[in-house]
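Worth saying up front: this structure is predicted, and the values here are computed from it rather than measured. Here is how names work: the chains are called A, B, and so on, in the same order as the sequence lines, proteins then strands, and each is numbered from 1.
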Amino acid sequence: MAETNSNDQMEKIVSLCRRRGFIFQSSEIYGGLNGLWDYGPLGVALKRNIKEAWWRDMVTAHNERVQPEGAPKPFQMTGIESSIIMHPRVWKTSGHYDLFSDMMVDCRKSKRRYRHDHIKGAWVEHDGQKAFVTCVTDGDAKEEITRRALQYFKLKAKYADKLVWHGDVTDLTTISETDQVLAPDAKELGTLTEPREFNLMFETHIGAMRSDDSTAFLRPETAQGMFVNFRNVVDSSRMKVPFGIAQQGKSFRNEITPRNFTFRTREFEQMEMEFFCHPSESREWYQFWRDRRFNWYVDLGINKERLILRDHEQAELAHYSVGTADVEYAFPFCEEGEYGELEGIAHRGDFDLRSHMEGKLVREGDELVVEQGEDGKPKYPGSGKDLTYHDEETKERFVPHVIEPAAGADRTVLAFICDAYEEEEITNEKGKTETRVVMHFHPRIAPVKVGVFPLLKNKPELVAKAMEVRALLQPYMTVFYDETGAIGRRYRRQDEVGTPFGVTIDFDTIGENGDATKDTVTLRDRDSMEQRRVKTEDLLGILLKEIM
RNA sequence: GCGGGUGUAGUUCAAUGGUAGAACGGAAGCCUUCCAAGCUUCACACGAGGGUUCGAUUCCCUUCGCCCGCUCCA
C-alpha cells in the first residue's frame with residue numbers, strides 16, 4: 001500500500017519494525033553487525049506464518065490424486081530438512097566453489113573492481129616507456145589494448161605502428177609488476193591493488209583441529225540438499241516422477257555489500273522446492289510453477305500493482321538454464337520502475353543431478369560436459385552414484401529435469417511488511433484529521449489474530465468475561481489481551497502491528513442491557529474499522545474461517 | 001571494498017568544553033460505557049574504544065552502525 005518510492009517510506013517502516021518488535025539489528029548492544037538481523041516477538045510470528053503458508057501450499061495441503069488447475073497432471077510432493085554443512089565436494093561439483101571464490105583487484109583511481117582473471121593485457125612500449133596495458137573485453141583484446149595504449153601514450157590512431165609490443169596478450173594473473181600496470185579504466189600506471197580473495201561462501205572447519213583438509217562451508221543455498229537426497233527420497237518414500245521436494249532453511253553468503261534492511265543479508269532463509277519431471281514435460285511444468293508461485297503472493301494479499309513476473313532474457317540465463325522467471329516486488333527502496341527479486345523460478349534441466357553423478361559441468365557449445373582438470377580427469381568428480389530414474393510404467397530410464405522455485409523467506413517477509421504498511425488519514429469525531437498507521441496483513445500471516453479487550457478495566461465483571469473469551473480463543477490462535485488505556489488507543493496499537501480483529505467485551509455482553517444482547521461481543525475489523533455484534537458462541541467459528 | 005554524509009531516550013527533535021531538555025511513545029495509579037481524552041507519578045539516551053584537557057556528549061584519532069553513490073549480486 002506504499003504510495004511513494006522513497007527513502008522516507010523505508011525509514012518509517014524500519015522504525016516501526018524496531019519500535020514494535022518485528023526486526024532488530026543483530027548484536028545491537030555491541031554496535032550491530034552489518035547484514036545480519038534478528039526477528040523480534042512479532043517478527044518471528046510473522047515469519048513463521050509466512051513459512052507455514054508456503055509449506056502448507058507446497059507440501060501439507062497437497063493432494064497427489066488431484067490435478068491442480070494449470071498442472072499438466074497430478075503429482076506428488078514431500079519435504080526434507082538437510083544439514084547446513086554439507087560435504088565440501090557438494091560445492092565443488094555444483095560449481096559454487098569456483099564461482100563463489102574469486103581473486104579481485106580494485107582500481108584506486110577509478111574505484112572499479114575487477115575479477116583478477118578477467119583482466120587481459122599486453123606489454124607495450126613507446127618512446128622508452130613501457131606499460132602493461134589492460135582491458136576487460138569479450139571482443140578483440142588486442143584491438144582494445146591498442147586503443148588504450150594509444151590513448152595512454154597520447155598518440156593518434158594512425159601511429160599504431162609506433163607501438164612496440166613485447167609478447168602476446170596474456171592474463172593479468174601472470175604479471176607481478178603491479179606498478180607498471182595500466183588498469184582497464186585508469187589514466188595512469190599502478191592504480192590496481194594486489195589481488196585479494198573474495199570468498200562468498202562462509203568457511204568453517206569440521207572437528208576441533210584446524211587444517212586445510214578440514215575446511216567446510218556453510219551452504220550458500222538449500223537446493224543441493226534436495227539433489228543429493230534425490231535417491232534417498234525416491235527409495236524411502238515411494239515417490240514417483242513427477243514429484244517435488246521442498247525445504248526451508250538458512251543459507252549463508254558473505255555478500256560484499258549487504259543493503260536495504262533485510263533485503264540482502266549474509267544469513268538468510270530460503271524456501272526452495274526442486275521438482276523432478278520427465279524431460280519432455282519440463283517446459284509445461286516450468287510454466288505451471290512460474291504462474292502458481294506468482295499467484296501465491298497475490299493470494300496472500302500482496303498488491304498486484306507492485307508485483308511482477310519477469311522472464312529472464314536469454315543472455316541473463318545461467319549457463320544450465322532453459323528458462324528462468326523472477327517474482328519481483330517494487331520495494332520502497334527501489335527506483336521508479338525497478339523491482340527487487342523475491343523468488344526465482346528456474347528450469348534447470350538435468351544439470352544438478354548430472355553434476356552429482358558425473359562431476360562439475362561446463363558448457364561447451366550447446367552441450368554440458370564434465371570440466372576437465374589439467375591432468376585430463378574430471379576437475380571435480382561427482383559422486384559416481386546413479387541418480388537416474390526408472391519409470392516402472394514406461395520401462396524408461398532417464399535423468400529427471402528439474403524446475404526450481406526458490407524464494408527468499410526474509411525478502412518475502414519484508415515485501416509483506418512493506419506492502420501492508422499504510423498511513424491512513426482519518427477524521428475523528430471532533431473533525432480533526434489524524435494519522436492512523438495500519439499494517440494490512442492478510443489474516444493468515446498476521447502475527448496476532450485477535451485482540452481481546454474489556455471495555456473498562458475497573459469493572460471486574462468485564463475483565464472476568466474478557467478473560468473467558470480469551471481462554472476460548474487461545475487454543476486456536478494467537479490472542480493479545482489488553483486492558484490498559486482507552487479502548488480507541490488499544491485498537492490503534494493493534495492496527496499498527498496488523499492484528500486483523502478486535503473483540504470488545506462491554507456491558508451488553510454481561511447482560512446489563514437485556515437478554516437480547518447478553519453474551520454478544522463487538523467484533524471490530526482492522527481495515528474498515530467497522531464493528532458488528534456477534535454471539536460469543538459464534539466467535540471462534542467466525543474467526544477461524546477468516547484466518548485460515 | 002572505495003568515496004561522501006551521518007550517529008543524543010523506543011521514536012522525532014533540542015542544548016552544551018563543567019555529563020543533557022521536550023514532544024510522542026512506554027509503565028503504574030485515578031478516572032472513563034467503543035476509535036491515540038484528562039490528571040498524577042515513574043523509567044529510559046550522548047554507538048564503542050582511545051587521545052587532548054583539571055574536566056569531553058561537544059575537539060582529535062580509530063572503529064562500528066546507518067543513509068547515498070560506485071562496485072558486487074545463481
Of the options B/C35, B/A37, B/C68, whose atoms approach the side-chain atoms of A/Arg259 most closely? B/C68
note: A/Glu461, atom CD; B/U33, atom P; distance rounded to Å ~ 13 Å
Restricting to pairs with a member in residues 27-46 of chain A, which pass salt bridge (charged side-chain N to carboxylate O under 4.0 Å, His left out), not counting sequence neighbours? A/Arg18-A/Glu28
Atom pair distance, as rounded to whole Å: CG in A/Leu200 and C1' in B/C73: 8 Å
Choose from B/A74, B/G69, B/U33 the nucleotide whose nearest atom is closest to any side-chain atom of A/His96. B/A74
Taking atom P of B/G25 as reference, at what distance in whole Å does atom CG of A/Asp482 sit? 14 Å
A/Glu367 atom CD, neighbour heavy-atom count above 12 within 6.0 Å: no
Are any of the side-chain nitrogens in A/Asp519 or A/Lys465 under 4.0 Å away from the carboxylate oxygens of its partner? yes
Using atom CD1 of A/Ile426 as one end and atom C1' of B/C34 as the other, report the distance to the nearest whole Å. 13 Å
Taking N or O atoms only and anything under 3.5 Å, show me the protein contacts with nucleotides 27-30 of chain B, one pair per line.
from  : atom 1 : to       : atom 2 : distance (Å)
B/G29 : OP2    : A/Lys457 : NZ     : 3.4

A/Thr257 side chain, from C-beta outward: closest of B/U33, B/C72, B/U11: B/C72
What pairs of residues pass the ring-ring contact (aromatic ring centres under 6.0 Å, His included) test when at least one of them lies in residues 490-518 of chain A, not counting sequence neighbours? A/Phe453-A/Tyr491
When you compare B/C73 with B/C60, how far apart are their C1' atoms, in angstrom units rounded to a whole number? 38 Å
Describe the nucleic acid contact of A/Arg18 in one word from base, sugar-phosphate, nothing, applying a heavy-atom distance below 4.0 Å. sugar-phosphate
Cation over ring face, A/Arg293 and A/Trp289, 6.0 Å, 45°: no
P atom, B/G25 versus B/A36: distance in rounded Å? 11 Å
Taken to the nearest whole Å, CZ/A/Phe351 to P/B/A74 is 14 Å
On RNA chain B, nearest-nucleotide positions of A/Asn260 versus A/Glu28: which is more 5'? A/Glu28
Watson-Crick and G-U pairing of RNA chain B written in dot-bracket, each distance under 3.5 angstrom, with | for inter-strand partners: (((((((..((((....[..)))).(((((.......)))))....(((((..]....))))))))))))....
What integer number of Å spans the C1' atoms of B/C46 and B/U19? 9 Å
Atom CD of residue position A/Glu81 - does it have more than 12 heavy atoms of other residues, nucleotides or ligands inside 6.0 Å? no
Is there a donor N/O on one and an acceptor N/O on the other, under 3.5 Å, for the side chain of A/Glu255 and the base of B/C73? no
Within 45° of the six-membered ring axis of A/Tyr380 and under 6.0 Å from that ring's centre, is NZ or CZ of A/Lys360 located there? no
Can a donor-acceptor pair be found, under 3.5 Å and without considering hydrogens, that links the side chain of A/Lys51 to the backbone of A/Ala409? no
Nearest-Å distance, CZ (A/Arg490) to P (B/G26)? 12 Å
Does atom CZ of A/Arg283 have more than 12 heavy-atom neighbours from other groups under 6.0 Å away? no
Provide the distance between the two C1' atoms, one in B/G29 and one in B/A22, to the nearest whole Å. 24 Å
Could you check whether the side chain of A/Tyr30 and the base of B/C64 have a donor-acceptor pair of N or O atoms closer than 3.5 Å, going by distance alone? no
Taken to the nearest whole Å, CD/A/Glu221 to P/B/C73 is 16 Å
First encountered from the 5' end of RNA chain B, between A/Ile29 and A/Asn34: A/Ile29
ring-ring contact (aromatic ring centres under 6.0 Å, His included): pairs with one or both residues in residues 246-268 of chain A, sequence neighbours excluded: A/Trp37-A/Phe261, A/Phe263-A/Phe331, A/Phe263-A/Phe333
Nearest to the A/Arg253 side chain among B/A37, B/G69, B/A74, which nucleotide is it? B/A74
Would you classify A/Asp495 as touching base, sugar-phosphate or nothing, given that sugar-phosphate means primed atoms plus P, OP1 and OP2, and contacts are heavy atoms under 4.0 Å? nothing
A/Arg20 side chain N/O closer than 4.0 Å to the phosphate oxygens (OP1, OP2) of B/G10? no
Any residue meeting side chain to side chain donor-acceptor pair (under 3.5 Å) with A/Asn458, in chain and number order, not counting sequence neighbours: none
Reckon A/Gln25 has a side-chain N or O less than 4.0 Å from the OP1 or OP2 of B/C66? yes
Taking the side chain of A/Trp37 as its heavy atoms from C-beta onward, which of B/C34, B/C66, B/U11 lies nearest to it? B/C66
Please give the distance between the P atoms of B/G10 and B/G69 as a whole number of Å. 29 Å
Rounding to an integer number of angstrom, what distance separates B/C30 and B/C13 when you compare their P atoms? 36 Å
For B/U12 and B/G17, measure between their C1' atoms and round to the nearest Å. 27 Å
Looking only at atom C1', what distance separates B/U41 and B/U6, rounded to whole Å? 37 Å
B/C35 base to A/Arg524 side chain: any donor-acceptor pair below 3.5 Å? yes
Got a salt bridge between A/Lys518 and A/Asp508, using NZ or NE/NH1/NH2 to carboxylate O under 4.0 Å? no
For A/Glu530 and B/C35, what is the distance between atoms CD and C1' respectively, to the nearest whole Å? 13 Å
Among B/C34, B/A36, B/C72, the nucleotide that comes nearest once only the side chain of A/Gln531 is considered: B/C34
Can you tell me if the side-chain N/O atoms of A/Arg489 get under 4.0 Å from OP1 or OP2 in B/C35? no
Donor-acceptor pair under 3.5 Å: do we get one between A/Ser15's side chain and the base of B/G10? no
